[in-house]
Amino acid sequence: MEDPQRARSHTVTTTTSSFAENFSTSSSSFAYDREFLRTLPGLLIVAEIGLYFNGSAFILYLSAAVVDASSVSPERDSHNFNSWAASSFFAFLVTICYAGNTYFSFIAWRSRTIQ
């Protein structure tokens, strides 16, 4: 003899997350982040981000400058040659600026990690 199956209830039980209850968009919830950037670990993170950005920009600009310089060829039209030569010069100038900025970012990062 089979037992008749009971009807299931259609009730749904939900719970709330403690994170959702504590989250607010007021400025007081972001106060910790501002204070964190003033601490030593916060400064190190900012310095590392600057170091990674400047290093990657240096590599990308260097590759673009090399490709730009290798594509310059003297032709009969001197204006075209002068434009390509100027473009290569300024590409290497920007590359040198990013290399210097990467160096100074590295020095700043290194001095903060030694402290």
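What's counted below: heavy atoms across the whole structure, side chains too, no hydrogens, waters or symmetry copies.
- Between Y52 atom OH and S105 atom OG the span is 12.0 Å, to the nearest 0.5 Å.
- Note that the OG atom of S111 and the CZ atom of F106 stand 10.0 Å from one another [nearest 0.5 Å].
- Distance check, rounded to the nearest 0.5 Å: CD1 of I49 to CG of N54 gives 12.0 Å.
- Taken together through direct or relayed side-chain contacts under 4.5 Å among Ile, Leu, Val, Met, Phe, Trp and Tyr, L62 and Y103 form parts of separate hydrophobic clusters.
- Each of I59 and L51 belongs to its own hydrophobic cluster when Ile, Leu, Val, Met, Phe, Trp and Tyr are linked at side-chain heavy-atom distances under 4.5 angstrom.
- A distance-only check finds a donor-acceptor pair linking the side chain of T102 to the backbone of Y98 [under 3.5 Å].
- When all heavy atoms are compared, the tightest approach of D68 to S88 is OD2-N, 3.3 Å.
- In the hydrophobic clustering (ILVMFWY side chains linked at under 4.5 Å, chained through shared members), F89 is joined by F90, L93.
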Listed pairs under 3.5 Å, donor-acceptor, residues 40-47 side chains, sequence neighbours left out:
none

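- Between A65 and F92, the shortest heavy-atom contact is O-CE1, 3.6 Å.
- A continuous path of Ile, Leu, Val, Met, Phe, Trp and Tyr side chains, each step under 4.5 Å between heavy atoms, connects V66 with F58, placing both in one hydrophobic cluster.
- The hydrophobic side chain of L60 is isolated, with no ILVMFWY side chain under 4.5 Å apart from it.
- Contact between V72 and A85 at its shortest, heavy atoms only, is CG2-N, 4.3 Å.
- Separation of atoms CD1 (I96) and CG (N101) is listed at 13.5 Å; rounding is to 0.5 Å.
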